[in-house]
Amino acid sequence: MPTILVPSPVGTLHVHEAGGAITAIDWAPRAKSASETPGPLLAEAVRQLDAYFAGGLEAFDLPLAPVGTEFQKRVWTVMCAIPYGETLTYGDLAGQAGGSARSVGTACGRNPIPVIVPCHRVIAKAGPGGYSGRGGLRTKAMLLDLESRKTRLL
């Protein structure tokens, strides 16, 4: 499975591709250089992630193939429709995807493609909720701040 490392403000991201689609993003244990030249899809993923972190991309346009249950995939699809700079509560997302706020929270925590599938845009009714990526709530806050700074300028 081809992969690439992408330095970012929230740590080095390890992007995975299989079957012509992005299948996962996780945090690399430490920064290191990529060992091979990326194929076209991974190169495009790097370009889009770099543009996102620079404040120049609001919507990713990459083929995605996250592995999960049908319910999780439904939640992740609805998550991808949350506009840049906006948030939904777990309960609001449950209303759109079905299930309960708790089951949506579980699906968020199992999101295999964070940042691109924007689970950071899902918050609790009374606060930020959780975040399963490296850095936890600090990373979630950084991503939300990145998006809110851009939308405040518009």
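Owing to the predicted nature of the structure, the values given are computational and were not obtained by experimental measurement.
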Are the side chain of Q48 and the backbone of D61 linked by a donor-acceptor contact shorter than 3.5 Å? yes
Joint cluster assignment, I123 & V117, ILVMFWY side-chain distance < 4.5 Å: no
Tell me every residue that passes side chain to side chain contact (heavy atoms under 4.5 Å, CB included) with P63, counting only those two or more places apart in sequence or in another chain. A21, L41
L88 side chain near Q96 side chain, heavy-atom distance below 4.5 Å: yes
If we ignore hydrogens and angles and just use 3.5 Å, is the side chain of R74 paired with the main-chain N or O of A97 as donor and acceptor? yes
Going by the angle between their ring planes, with limits at 30° and 60°, are F60 and Y52 parallel, tilted or perpendicular? tilted
When you compare the side chain of W76 with that of I113, does any pair of heavy atoms fall below 4.5 Å? no
Enter the distance from S103:OG to F71:CZ here, rounded to the nearest 0.5 Å. 3.5 Å
Under 4.5 Å between any side-chain heavy atoms of P66 and Q72, yes or no? no
Atom pair CD1 (I116) and CD1 (I25), whose distance is rounded to the nearest 0.5 Å: 3.5 Å
Please determine whether the number of non-hydrogen atoms from other residues, nucleotides or ligands lying under 6.0 Å from atom CZ of R110 exceeds 12. no
For the residue pair G99 and A94, what are the closest heavy atoms and their distance? O-CB, 3.5 Å
Closest heavy-atom pair, L137 versus P128, reported as atoms and distance to 0.1 Å, is CD2-CB, 4.2 Å
Any donor and acceptor pair, going by atom type alone, linking the side chain of K140 with main-chain N or O of V122 inside 3.5 Å? yes
Can you see which heavy atom on A18 is nearest to which on M1, and at what distance? CB-SD, 4.2 Å
Looking at side-chain heavy atoms only, is the closest gap between Y131 and L144 below 4.5 Å? no
Contact summary for W27 and P114, nearest pair of heavy atoms: CZ3-CG, 3.7 Å
Please walk me through it: do R134 and V10 pass side-chain contact (heavy atoms from CB on, under 4.5 Å)? CA-CA 8 Å; R134 178 171 289 158; V10 295; over 6 Å; no
Closest heavy-atom pair and its distance - A124, T89: O-CG2, 4.3 Å
Just how far is it from atom CG of D145 to atom CZ of R138, taken to the nearest 0.5 Å? 13.0 Å
Within the structure provided, determine whether V46 and L42 are in side-chain contact (heavy-atom separation under 4.5 Å). no
So do R121 and Y84 actually touch side chain to side chain, heavy atoms under 4.5 Å? yes
How long is the span from the CG atom in L64 to the CD atom in E17, to the nearest 0.5 Å? 11.5 Å
Please round to the nearest 0.5 Å and tell me the distance separating atom OG1 of T3 and atom CD1 of I22. 10.5 Å
Stepwise side-chain contact (heavy atoms from CB on, under 4.5 Å) test for D26 and H16: CA-CA 8 Å; D26 52 38; H16 305 260; 3.1 Å; yes
Looking at every heavy atom in both S8 and F53, which two are closest together, and how far apart are they? CB-CE1, 3.5 Å
